[in-house]
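Beneath this line is the structure, given in structure tokens, with notes to follow.
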Amino acid sequence: MKITYYGHACFGVEMNGKHLLFDPFITGNELAKHVEIDKIPADYILISHGHGDHVADAEAIGKRTGAKVISNFEIVSWFEQKGLQGHPMNHGGKWTFDFGTVKYVSAIHSSVLPDGTYGGNPGGFVIWDDDQCFYFAGDTAVTMDMKLIPMLCPKLDFAIMPIGDNFTMDIQEAVLAADFVDCKKIVGCHFDTFGYIVIDKDAAKKAFEDTGKELILLPVGESADI
Ligand code: NI
Ligand code: MN
């Protein structure tokens with residue numbers, strides 16, 4: 001699968017000819033100044049929770065592209081009031097779209113929208129088709145609920161996880177989370193954007209290597225086949 005990193009927790013993933021965009025926060029990110037948001041393709045915008053550093057550019061990109069928002073009920077309702085299309089989900093639920101099946105899974109975090117509207121419970125997504133499966137954890141601590149993912153979903157090919165500490169998992173927790181979801185290939189996110197979450201990237205990669213795993217840290221604006 002081709003994945004593109006737009007900085008912070010924002011990724012584009014191409015799956016079965018559709019462009020999935022996760023947690024769009026670009027214009028407010030100093031590290032993503034070179035990313036042209038008017039050129040980002042999106043058929044679906046998947047949003048893990050309501051915080052500004054995950055939704056800030058969703059309305060603009062959704063209006064330009066006509067992309068459908070996939071998130072919890074509260075967040076989808078908020079975007080529908082702004083004129084976007086959406087597909088509401090909640091924990092434990094899954095739905096098969098034209099690109100694959102999405103399951104909305106637990107995250108330990110908080111969720112409120114930028115205007116103070118209740119943002120429902122934060123979540124993550126497991127997404128698969130017959131050949132491939134990946135996990136977008138969203139902002140979360142490591143949680144025992146992650147152990148349910150290999151019991152309920154196909155084997156993960158890779159997982160996108162926060163590693164920046166302070167607001168989410170740190171490296172040590174992310175290594176444990178990778179064990180819980182039974183995945184050896186982790187794409188890191190939610191690091192370096194703000195002072196609170198600056199990490200030592202070499203030490204982070206080594207921590208994964210030392211446990212037989214791979215940590216992929218994509219430069220902002222770059223794509224990789226994973
Ligand atoms: Ni957050
Ligand atoms: Mn965040």
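Atoms within each ligand, like the ligands themselves, are counted from 1 in listed order.
- A donor atom on one side chain and an acceptor atom on the other are found under 3.5 Å apart for Asp139 and His190.
- Using a cut-off of 4.0 Å between Lys/Arg side-chain N and Asp/Glu carboxylate O, Lys185 and Asp157 are scored as not salt-bridged.
- No hydrogens or angles considered: nothing links the side chains of His91 and Asn121 as a donor-acceptor pair under 3.5 Å.
- Near-neighbour remark for the Mn ion (ligand 2): protein N, O or S atoms under 2.8 Å are Asp53 OD2, His54 NE2, Asp139 OD2, His190 NE2; waters not counted.
- Classification of the His54-His49 ring pair by plane angle, with boundaries at 30° and 60°, yields tilted.
- The closest side-chain heavy-atom distance from Asp43 to Phe99 is not below 4.5 Å.
- Relative to the six-membered ring of Tyr44, Lys68 misses at least one condition, a distance below 6.0 Å or an angle of at most 45° to the axis.
- Partner Phe22 forms a ring pair (Phe, Tyr, Trp, His ring centres under 6.0 Å) with one of Tyr6, Tyr135, Phe136 and no other, that one being Phe136.
- At a cut-off of 2.8 Å, measuring from the Ni ion (ligand 1), the protein N, O or S atoms that fall short of it are His49 NE2, His51 ND1, His109 NE2, Asp139 OD2, waters left aside.
- Across every non-hydrogen atom of Thr27 and Lys33, the tightest pair is O-NZ, 3.5 Å.
- Ion pair Lys206/Asp210 flagged as a salt bridge, since at least one NZ, NE, NH1 or NH2 atom sits closer than 4.0 Å to an Asp/Glu carboxylate oxygen.
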